[in-house]
Amino acid sequence: MTTLSFEDGTVRVDDPPPDLQLPFLEADPRSGDARAPAFRYAALRDVLDGCDEVYDDRVRSWDPLDLSTTYELRDYQREALDAWERADGRGVVELPTGAGKTVVAIAAIVSRGLPTLVVVPTVDLLNQWRRELEAEFAVEIGQFGGGQQTKRPITVSTYDSAYLRADDVGGDFGLVVFDEVHHLGGEGYRDIGRLLAAPARLGLTATFERPDGAHEVVEALVGPRVFSLAVDDLAGDHLAEYDIKRIEVSLSEAERAAYDDAQETFVDYLRTSNLDMRSGADYRKLVMRSGNDPRAREALLAKQRARRVMMNADAKLDALESILARHRDDRVIVFTAHTDLVYRLSERFLLPAITNETGTSERREILDRFREGSYSRVVTANVLDEGVDVPDANVAVVLSGSGSEREFTQRLGRILRPKSDGGRALLYELVTRETTEEDVAERRRG
DNA sequence: TTGACTCAACATCCTTTGCTACAA
DNA sequence: TTGTAGGTTTCCATGTTGAGTCA
């Protein structure tokens with residue numbers, strides 16, 4: 001009889017039905033067995049079921065879980081869950097930060113009642129999820145990552161650990177939840193999706209689409225986007241209303257000279273080198289050239305100098321000074337693109353700073369103080385964009401940032417938790433006049 | 001257990017003028 | 001004459017994280 005079993009990130013098919021062409025099967029070069037990548041498991045079963053074939057399914061040996069939740073789903077969370085169920089338990093739910101994606105996942109875990117792997121990008125999120133799941137289900141939760149390797153019917157893992165363990169444990173879960181699922185499009189991480197057999201898959205993100213188009217990979221591995229709400233859909237109800245204020249500043253004379261000089265070097269190279277700078281692919285081409293073409297390298301470095309000048313313009317510091325004075329009684333997070341600027345700001349305005357160099361304990365202490373109110377402001381580069389539980393603020397100042405829509409959405413999300421006094425959140429965006437930063441700022445608005 | 005270190009991986013990085021050689 | 005690809009076989013720099021190692 002035909003037998004399906006999980007083996008090293010694949011589904012092995014023994015004695016396939018002779019009169020039936022099963023899709024996705026390939027002969028294993030070493031053993032000669034017929035195998036399919038584990039994520040094709042559901043599709044294989046569909047084909048076999050569709051032909052009324054009798055087969056022995058040793059993949060699906062999961063013990064059902066008896067779980068319940070005390071959460072009352074909000075309307076949109078219920079709709080998201082229903083949409084996912086209608087898609088046969090495969091797909092991505094796109095909800096803004098703070099809209100309660102975890103709650104949707106917990107409801108999905110309850111409704112499936114199957115061993116579940118939750119995959120998250122950072123150890124910080126790993127701990128949050130574990131606490132949340134333990135509190136909700138009153139069972140021990142397994143953990144891959146952060147120095148632990150314990151498997152339980154419900155297990156939380158980092159993407160890195162999931163990558164390392166997937167071929168080993170990939171057959172042990174019936175449902176996999178990918179938090180911040182856009183990461184799954186990464187060149188290496190996508191293998192996680194391939195090596196797991198779980199037929200039911202739920203992806204969670206605030207920003208599904210990727211500029212490199214790799215959300216199509218995510219779709220293939222997890223399923224299509226089945227539900228989507230943007231910040232503006234929830235602002236006023238479940239998220240705070242907000243305003244965005246753009247403040248334009250000018251370069252000093254010296255900065256202007258440095259910027260123009262560097263920018264010209266860059267543009268000059270493009271003009272004389274037959275490079276159209278239309279897309280990320282063209283940029284990569286330039287990067288490749290710079291490996292052995294000194295002029296390309298010079299152009300690239302010049303572009304970086306220009307970026308630094310426009311992003312870290314002195315006038316932005318003055319603008320920040322007046323913003324901080326205006327919001328003496330508010331809770332303010334300041335974002336930059338460069339760590340050295342973080343430290344400059346920290347020194348000049350006596351702001352607690354968090355960067356990648358800040359150790360775990362110091363980081364926790366700063367965030368705790370920010371939470372309880374003894375600090376009312378904090379300055380950071382990109383650390384707090386994602387994957388960290390950041391206490392709520394009501395004012396964000398984006399001193400500089402990339403053109404990434406995702407980064408912008410995440411930063412905005414940091415101030416959108418509903419205010420107890422019903423007040424509005426405010427995001428300042430500082431942009432240097434007559435530089436490419438004007439376009440960068442446009443791009444990230446999406 | 002902790003801290004310091006290294007390493008690998010991921011994300012962003014770009015935006016508007018015009019050459020050359022070859023294919024259709 | 002007109003239209004279009006060009007470049008190779010990854011990676012200029014910076015910021016960030018997780019895993020692993022070692023003391």
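Every chain is numbered from 1, with letters handed out A, B, ... down the list of sequences. Values reported hereafter were calculated over all heavy atoms of this structure, with side chains retained and with hydrogens, waters and symmetry mates removed.
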Q: Return the value, rounded to whole Å, for the distance between atom CZ of A:Phe266 and atom P of C:dC12.
A: 16 Å
Q | Of A:Leu65, A:Ile109, A:Val118, A:Ile154, the residue whose pairing with A:Leu175 passes side chain to side chain contact (heavy atoms under 4.5 Å, CB included) | A | A:Ile109
Q. Can you check B:dT17 for me, syn or anti if syn means within 90° of 0?
A. anti
(Q) The criterion is side-chain hydrogen bond (donor to acceptor under 3.5 Å, both in side chains); which residues satisfy it with A:Arg112, sequence neighbours excluded? (A) A:Glu85
(Q) Could you check whether A:His238 and A:Tyr76 have their ring centres less than 6.0 Å apart? (A) yes
Q.
For a quick check of understanding: with a heavy-atom distance under 4.0 Å over all strands, which category does A:Asn382 fall into, base, sugar-phosphate or nothing?
A. sugar-phosphate
Q: Using the P atom as the reference point in each nucleotide, state the distance between B:dT16 and C:dT14 in Å, no decimals.
A: 24 Å
Q. Taking for each residue the nucleotide of DNA chain C with the nearest heavy atom, is it A:Gly291 or A:Asp124 whose nucleotide lies nearer the 5' end?
A. A:Gly291
Q) Do any pairs count as a ring pair (Phe, Tyr, Trp, His ring centres under 6.0 Å) and have a residue in residues 296-333 of chain A, sequence neighbours left out, and if so which ones? A) A:His327-A:Tyr428
Q | Span that lies between the C1' atom of B:dT15 and that of C:dT9, in whole angstrom | A | 28 Å
Q) Quick one: side chain to side chain contact (heavy atoms under 4.5 Å, CB included) partners of A:Lys151, sequence neighbours excluded? A) A:Phe144, A:Thr155, A:Val169, A:Asp172, A:Phe173
(Q) I'd like the C1' distance from B:dT6 over to C:dC12, given in whole Å. (A) 22 Å
Q) Of A:Gly146 and A:Gln304, whose closest DNA chain C nucleotide lies nearer the 5' terminus? A) A:Gln304
Q. Per the side chain to side chain contact (heavy atoms under 4.5 Å, CB included) rule, which among A:Val379, A:Leu324, A:Ile323 passes with A:Val332?
A. A:Leu324
**Q.** Phosphate-side-chain proximity, A:Thr339 and C:dG15, N/O vs OP1/OP2 below 4.0 Å
**A.** yes
Q. Using the P atom in both, what is the distance from B:dC14 to C:dG15, to the nearest Å?
A. 15 Å
Q: Select one nucleotide: of C:dA19, C:dG15, C:dC11, the one nearest the side-chain heavy atoms of A:Ala381.
A: C:dG15
Q.
For A:His182, give me all partners under ring-ring contact (aromatic ring centres under 6.0 Å, His included), at least two apart in sequence or on another chain.
A. none
Q. Ignoring hydrogens and geometry, is there a side-chain-to-backbone donor-acceptor pair from A:Arg190 to A:Gly185 under 3.5 Å?
A. yes
(Q) Let me spell it out: for each of A:Leu270 and A:Arg406, pick the nucleotide of DNA chain B with the closest heavy atom. Which residue's pick is nearer the 5' end? (A) A:Arg406
Q) Can you name the ring-ring contact (aromatic ring centres under 6.0 Å, His included) partners of A:Phe335, sequence neighbours left out? A) none
Q. Are A:Arg40 and A:Phe24 in a cation-pi contact, defined as NZ or CZ under 6.0 Å from the six-membered ring centre and within 45° of the axis?
A. yes
Could you write out each protein N or O paired with an N or O of nucleotides 5-8 of chain C at a distance under 3.5 Å?
unit_1	atom_1	unit_2	atom_2	d
C:dG7	N7	A:Arg289	NE	3.3
C:dG7	O6	A:Arg289	NE	2.9
C:dG7	O6	A:Arg289	NH2	3.0

Q. How far does the C1' atom of B:dA8 sit from the matching atom of C:dT10, given to the nearest Å?
A. 15 Å
Q) With sequence neighbours left out, what residues match A:Asp167 under side-chain hydrogen bond (donor to acceptor under 3.5 Å, both in side chains)? A) none
Q. Where along residues 294-303 of chain A does a heavy atom fall under 4.0 Å from DNA chain C?
A. A:Arg297, A:Leu300, A:Leu301
Q | Counterpart base for B:dT1, defined by Watson-Crick or G-U wobble contacts under 3.5 Å | A | none
Q | A:Arg305 side chain to A:Gln263 side chain, donor-acceptor N/O pair below 3.5 angstrom | A | no
Q: Could you tell me which residues satisfy side-chain hydrogen bond (donor to acceptor under 3.5 Å, both in side chains) with A:Thr380, sequence neighbours excluded, listed by chain and number?
A: none
Q: With heavy atoms under 4.0 Å as the rule, sort A:Gly359 into base, sugar-phosphate or nothing.
A: nothing
Q.
Syn or anti for B:dG18? Use the chi torsion, O4'-C1'-N9-C4 for purines and O4'-C1'-N1-C2 for pyrimidines, with syn inside 90° of 0.
A. anti
Q) Where along residues 158-173 of chain A does a heavy atom come under 4.0 Å from DNA chain C, residue by residue in number order? A) A:Thr158, A:Asp160, A:Ser161, A:Leu164
Q | Check ion pair A:Glu255-A:Arg308 (N to O, under 4.0 angstrom) | A | no
Q. How is A:Val383 classified with respect to the nucleic acid when contacts are heavy atoms under 4.0 Å: base, sugar-phosphate, or nothing?
A. sugar-phosphate
Q: Would you classify A:Glu437 as touching base, sugar-phosphate or nothing, given that sugar-phosphate means primed atoms plus P, OP1 and OP2, and contacts are heavy atoms under 4.0 Å?
A: nothing
Q. Within the structure shown, what part of the strands sits under 4.0 Å from A:Glu187 by heavy-atom distance: base, sugar-phosphate, or nothing?
A. sugar-phosphate
**Q.** Residues in ring-ring contact (aromatic ring centres under 6.0 Å, His included) contact with A:His338, at least two apart in sequence or another chain
**A.** none
Q: Name the first nucleotide and the last nucleotide along DNA chain B (5' to 3') that come under 4.0 Å of a heavy atom in chain A.
A: B:dC10 to B:dC19
(Q) In whole Å, measure the gap between the P atoms of C:dG7 and B:dA23 for me. (A) 13 Å
